[in-house]
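This report concerns only the one structure given below.
Since we're looking at a predicted model, the values are computed, not measured. Position 1 is the first residue of the sequence; numbering continues from there. Quick note: numbers below take in every heavy atom, side chains included, and nothing from hydrogens, waters or symmetry partners.
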Amino acid sequence: MRIEQDLKLGFKDVLFRPKRSNLKSRSQVELTREFTFKHSGRQWSGVPVIAANMDSVGSFAMAKALAENGCMTAVHKHYTVEDWAAFVAESDAQVLNNVMVSTGTSEADFEKTQKIMAMSDELIFICIDIANGYSEHLVEYVERVRAEFPDKVISAGNVVTGDMVEELILAGADIVKVGIGPGSVCTTRVKTGVGYPQLSAIIECADAAHGLGGRIIGDGGCSCAGDVAKAFGGGADFVMLGGMLAGHEESGGEVVEQDGKQFMKFYGMSSQSAMDKHSGGVAKYRAAEGKTVMLPFRGSVHNTIADILGGVRSTCTYVGAAQLKELTKRTTFIRVQEQENNVFGKE
């Protein structure tokens with residue numbers, strides 16, 4: 001047993017230090033990024049915000065809506081092959097280029113991924129997603145998927161330390177998904193005692209990935225636009241959002257009416273709700289590691305994504321970053337013990 005003494009930081013522990021800027025307006029900030037991925041050699045251009053592959057967030061409707069804003073959606077893995085065929089048939093290249101096909105690591109998952117990816121050359125992203133990215137099984141699976149799809153962009157995770165980021169990139173991942181336990185409906189840290197504060201995880205994992213020519217997704221922990229900006233400032237190439245994009249008409253969640261008001265069910269993908277729906281209940285050998293909550297129905301996601309991107313643009317103007325890719329170079333974080341004045345409640 002050993003203890004690491006240096007403090008690890010979450011988004012609530014820091015603020016950006018403002019710097020001189022020659023930008024006159026948020027409208028001058030360019031949020032589009034262009035990436036060429038290490039193994040696939042693929043080029044992609046867009047706004048690197050991703051809807052999480054949760055079945056009450058990462059829906060086909062969300063994919064269409066976010067593609068209009070240049071953003072991405074990791075479509076959840078519970079759609080059937082037939083569902084995918086219908087979606088691909090009715091979607092143009094702009095949508096399909098901004099979709100991640102999510103998969104687990106079973107033989108059935110592999111065969112399903114083969115069928116989906118064969119539907120269109122415009123499908124270029126595969127998201128291999130398991131809760132514990134430290135499993136050697138994941139490394140072997142990444143190698144297998146890379147051999148099968150040499151020209152596709154492969155994301156794999158989740159992990160929170162540089163050593164595993166390096167191993168997954170060397171195994172064939174173009175992108176590594178970073179985050180264990182920070183999500184708003186995740187209870188992994190409570191149930192297992194395992195986790196890593198998200199900002200420090202992003203900083204450390206980005207350093208490891210960029211040294212090898214890889215990329216990372218900061219997955220989880222964002223509760224406001226400022227957190228999204230902090231993730232980018234810490235070095236995340238992409239930021240994945242679950243709770244911030246839940247509760248919308250495009251989210252795909254179940255709408256419930258209570259006392260004349262509409263709510264949408266939102267739950268973690270290791271929660272009792274998710275396992276009841278997709279796995280016939282919680283297996284006897286495991287515990288549920290997620291919450292189920294009822295969110296006030298928020299209407300269309302377009303206003304929300306505009307608000308998030310507007311916040312990130314504003315961050316960039318405060319630190320003098322004309323382009324999103326410059327933000328991490330212009331970032332100085334200061335450690336704080338307070339974030340906002342809550343005398344009249346939280347924003």
Side-chain angles (χ1 to χ4, degrees), residues 2-17 19 31 33-40 44 48-50 72 127-130 132-135 138-139 142 146 153-183 189 194-222 226-241 312 315-316 319-321 323-336:
R2 61 187 289 266
I3 297 176
E4 291 188 12
Q5 298 285 358
D6 56 317
L7 186 67
K8 308 300 181 185
L9 303 172
F11 297 129
K12 67 176 175 43
D13 299 315
V14 302
L15 290 169
F16 285 93
R17 180 174 181 157
K19 294 181 177 174
L31 295 184
R33 296 235 23 207
E34 295 183 2
F35 296 113
T36 300
F37 295 101
K38 176 181 174 71
H39 294 288
S40 63
W44 177 85
V49 171
I50 310 174
M72 297 184 69
C127 181
I128 306 169
D129 190 45
I130 64 175
N132 179 9
Y134 288 80
S135 167
L138 176 62
V139 178
V142 168
R146 172 54 65 204
V153 181
I154 297 173
S155 165
N158 280 29
V159 302
V160 288
T161 54
D163 56 343
M164 207 64 208
V165 169
E166 291 167 349
E167 187 163 355
L168 288 169
I169 290 172
L170 293 173
D174 296 294
I175 311 169
V176 176
K177 197 141 77 74
V178 173
I180 293 180
R189 294 176 182 176
V194 175
Y196 211 96
Q198 186 68 352
L199 180 60
S200 284
I202 286 171
I203 291 168
E204 295 177 30
C205 291
D207 183 58
H210 297 162
L212 290 174
R215 301 292 176 181
I216 70 160
I217 297 170
D219 175 20
C222 293
D227 292 344
V228 179
K230 289 172 189 176
F232 283 127
D237 302 289
F238 298 85
V239 177
M240 182 171 274
L241 305 176
V312 176
T315 304
C316 290
V319 300
Q323 302 178 59
L324 181 58
K325 71 175 183 178
E326 296 174 6
L327 179 56
T328 189
K329 300 184 183 75
R330 300 282 299 171
T331 292
T332 298
F333 287 127
I334 55 170
R335 282 185 52 199
V336 297

- Message: If you apply the rule side-chain contact (heavy atoms from CB on, under 4.5 Å), what do you find for Trp44 with Val153, and how did you get there?
- Response: CA-CA 10 Å; Trp44 177 85; Val153 181; over 6 Å; no
- I would like to know whether Val160 and Tyr134 meet side-chain contact (heavy atoms from CB on, under 4.5 Å); could you show each step before the answer? CA-CA 9 Å; Val160 288; Tyr134 288 80; 3.6 Å; yes
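- Atom CG of Leu212 and atom CD of Glu166 lie 5.5 Å apart (nearest 0.5 Å).
- Once rounded to the nearest 0.5 Å, the distance linking CE of Met164 with OG of Ser135 reads 7.5 Å.
- Residues Arg189 and Val194 approach most closely at CG-O, 3.2 Å, considering heavy atoms.
- Judged purely by atom type and a 3.5 angstrom limit, Gln198 uses its side chain to pair as donor or acceptor with the backbone of Val178.
- Considering only heavy atoms from C-beta on, Leu31 stays 4.5 Å or farther from Phe232 through its side chain.
- Residues Leu168 and Ala156 come closest through the heavy atom pair CD1-O, 4.3 Å.
- Between the NZ atom of Lys8 and the CD1 atom of Ile203 there is a distance of 10.0 Å, given to the nearest 0.5 Å.
- For the pair Phe35/Asp237, a side-chain contact is recorded, criterion being any heavy-atom separation below 4.5 Å from C-beta on.
- When all heavy atoms of Asp174 and His39 are compared, the pair lying nearest together is OD1-N, 2.7 Å.
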- Item | Check against side-chain contact (heavy atoms from CB on, under 4.5 Å), Ser40 and Arg146 | CA-CA 9 Å; Ser40 63; Arg146 172 54 65 204; 4.2 Å; yes
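- Taking CD1 of Ile175 as the reference point, atom CD1 of Ile128 lies at 11.0 Å (rounded to 0.5 Å).
- Shown here for Arg330 and Gly320, the closest heavy-atom pair between the two residues is NE-O, 3.5 Å.
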- Report the C-alpha separation of Cys205 and Val176 in whole Å, then their side-chain angles, then the decisive distance to 0.1 Å, and conclude whether the side-chain contact (heavy atoms from CB on, under 4.5 Å) test is met. CA-CA 9 Å; Cys205 291; Val176 176; over 6 Å; no
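- Residue Asp129 holds its CG atom at 7.0 Å from CG of Asp219, rounded to the nearest 0.5 Å.
- By the 4.5 Å heavy-atom criterion applied to side chains, Cys222 and Met240 are not counted as neighbours.
- Taking 4.5 Å as the limit, every side-chain heavy atom of Leu199 sits out of range of all side-chain heavy atoms of Asp13.
- Considering all non-hydrogen atoms of both residues, Glu167 and Val139 come closest at OE2-CG2, 3.7 Å.
- Nearest approach of Leu324 to Arg33, heavy atoms of both residues: CD2-CG, 4.1 Å.
- At distances below 3.5 Å, not a single donor-acceptor pair connects side-chain atoms of Asn158 with backbone N or O atoms of Ile180.
- Judged purely by atom type and a 3.5 angstrom limit, Asp207 has no side-chain atom pairing as donor or acceptor with the backbone of Glu204.
- Here the options are Val14, Ile202, Leu9, the test is side chain to side chain contact (heavy atoms under 4.5 Å, CB included), and the partner is Lys230; only Val14 passes.
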